[in-house]
Amino acid sequence: MARTRDIKNYDDAKTRLLDTGMSLIRSESFSGIGINDVLKKSGVPRGSFYHYFKSKEAFGLEVAQYYHGLQIDGANQVLNNENLLPIDRLEAFFRGASEEFKTRNYADGCLMCNLSTELADTNNEFQKILKKHWAELSSEVAECLALIQLSDIGLSHLTNMEAADWLMNAWSGALVRMKAERSEAPLQLFEKTIFNIKKGTRT
């Protein structure tokens, strides 16, 4: 009789691999890391990798999906926080991300941005999944924008979805420059450009 797999240990090991993959890909690159690097840093026994992923590419795609799930969960919590005005939710969403990058000294950048610049134009599977992830994140932002006067952030000439896409485009560009400069200045300029209305004038 086959031994029953310890599901909790199985899931814990896979989560460790995914967390390690996020960290290594963000600090190095997808092409710059090897399976042995992931196993060594995660503490998962050598030879176990293929119990969870059929290839390095499959691993990378699951890391991207895992990261995206964390992003969407975080966005939902902030952008649907009814204790804040909608425009304050939007500001908190970007400011919270900025604070997270601060903990890494603005060095590693955004995993989704990194994968997009490294792989989206050379790997069709990554291109498809990253396109889907960007669209889903923009949709979360668009739902919040539907509750905001777009003139308050200088985007009244756009639809909610167009405004969300523009914000994510501008933000991702700021993240790329943040990484190049290892500085918070690009993120601060983004916030200063968008959220320039006095708190007291909001309704």
Hey, is the main chain of D88 close enough, under 3.5 Å, to the side chain of E91 for a donor-acceptor pair?
-> no
Is S55 reaching over with its side chain to a backbone N or O of A58, donor-acceptor style, under 3.5 angstrom?
-> yes
Output yes when a side-chain donor or acceptor of R89 lies under 3.5 Å from a complementary backbone atom of V78, and no otherwise.
-> no
Beyond-backbone contact of E125 with L61, side-chain heavy atoms, under 4.5 angstrom = yes
For the side chain of R182 and the backbone of A107, is there at least one donor-acceptor N/O pair under 3.5 Å apart?
-> no
Measuring from L90:CG to L147:CG, what's the distance to the nearest 0.5 Å?
-> 10.5 Å
Does the D165 side chain pair with the main chain of S139, one donor and one acceptor, at a distance under 3.5 Å?
-> no
Hphob cluster co-occupancy, Y66 + I25, side-chain heavy atoms under 4.5 angstrom = yes
Roughly how far apart are D108 CG and E28 CD, rounded to 0.5 Å?
-> 8.5 Å
Quick check: does any side chain N or O of S23 sit under 3.5 Å from a backbone N or O of T20, one acting as donor and the other as acceptor?
-> no
Side chain to side chain, Q188 and K192, heavy atoms closer than 4.5 Å | no
Below 4.0 angstrom, N of the basic side chain to O of the carboxylate: do K102 and E184 qualify?
-> no
What distance do T117 atom OG1 and L175 atom CG have between them, rounded to the nearest 0.5 Å?
-> 11.0 Å
Output for pair (N76 CG, C144 SG), nearest 0.5 Å, gives 11.0 Å
Between H68 and H133, how do the two ring planes meet: parallel, tilted or perpendicular, split at 30° and 60°?
-> parallel
Transitively linked via ILVMFWY side-chain contacts under 4.5 Å: I72 with V141?
-> yes
Looking at F30 versus F126, is the centre-to-centre ring distance below 6.0 Å?
-> yes
Are the side chains of K14 and E62 in touch, meaning some heavy atoms are under 4.5 Å apart?
-> yes
Going by heavy atoms in the side chains, are S98 and F190 under 4.5 Å from each other?
-> no
Given the rule that I, L, V, M, F, W and Y join up when any side-chain heavy atoms are under 4.5 Å apart, are W166 and M112 in one cluster?
-> yes
State yes or no: do L150 and L79 share one hydrophobic cluster built from I, L, V, M, F, W and Y residues joined by side-chain heavy-atom distances below 4.5 Å, directly or via other members?
-> yes
Check whether L70 and F93 end up in the same hydrophobic cluster, where Ile, Leu, Val, Met, Phe, Trp and Tyr are linked by side-chain heavy atoms less than 4.5 Å apart.
-> yes
Does the side chain of Y67 reach to within under 4.5 Å of the side chain of L18, using non-hydrogen atoms?
-> no
Presence of salt bridge, R95 and E99, under 4.0 angstrom | no
Write down the atom of A164, the atom of S138, and the distance for their closest heavy-atom approach.
-> CB-O, 3.3 Å
Between the OG atom in S116 and the CG atom in L111, the distance rounded to the nearest 0.5 Å is 9.0 Å
Determine whether more than 12 heavy atoms belonging to other residues, nucleotides or ligands lie under 6.0 Å from atom CD of Q149.
-> no
With the side chain counted from C-beta on, respond yes when K56 and V38 share a heavy-atom pair under 4.5 Å apart, and no when they do not.
-> no
Report the C-alpha distance between E162 and H157 in whole Å, list the side-chain angles of each, state the deciding distance to 0.1 Å, and finish with yes or no for side chain to side chain contact (heavy atoms under 4.5 Å, CB included).
-> CA-CA 9 Å; E162 288 172 339; H157 57 298; over 6 Å; no
Begin with the C-alpha distance, continue with both residues' side-chain angles, and end with the deciding distance and a verdict on side chain to side chain contact (heavy atoms under 4.5 Å, CB included) for F101 and C110.
-> CA-CA 8 Å; F101 291 120; C110 161; 4.0 Å; yes
Answer yes or no: is there a donor N or O on one side and an acceptor on the other, between the side chain of E118 and the main chain of S31, under 3.5 Å?
-> yes
Is there a side-chain contact between L115 and V63, using heavy atoms and a 4.5 Å cut-off?
-> no
ring-ring contact (aromatic ring centres under 6.0 Å, His included) partner of F59, chosen from Y50, Y52, F53 | F53
Can you check whether S42's main-chain N or O pairs, donor with acceptor, with R16's side chain at less than 3.5 Å?
-> yes
Could you go through the side chain to side chain contact (heavy atoms under 4.5 Å, CB included) check for Q127 and L119 one step at a time?
-> CA-CA 7 Å; Q127 188 274 330; L119 297 169; over 6 Å; no
State, to 0.1 Å, how close L155 and A163 come at their nearest heavy-atom pair, and which atoms those are.
-> CD1-CB, 3.9 Å
Test log, rule side chain to side chain donor-acceptor pair (under 3.5 Å), inputs E143 and N80 | CA-CA 9 Å; E143 288 183 15; N80 295 312; 5.6 Å; no
Would you name the heavy atoms of A120 and L130 that are closest together and state the gap between them?
-> CB-CD1, 4.3 Å
Can you tell me if D37 uses its side chain to pair, donor with acceptor, with the backbone of G34 under 3.5 Å?
-> yes
Residue pair F94 / L167, side-chain heavy-atom distance below 4.5 Å = yes
Checking side chain to side chain donor-acceptor pair (under 3.5 Å) for the pair W134/S172: CA distance, chi angles, key distance, verdict?
-> CA-CA 10 Å; W134 281 114; S172 60; over 6 Å; no
Which atoms form the tightest heavy-atom contact between A142 and M161, and what is the distance?
-> CB-SD, 3.9 Å
Interatomic spacing from CG in L145 to CD1 in I153 - rounded to 0.5 Å = 5.0 Å
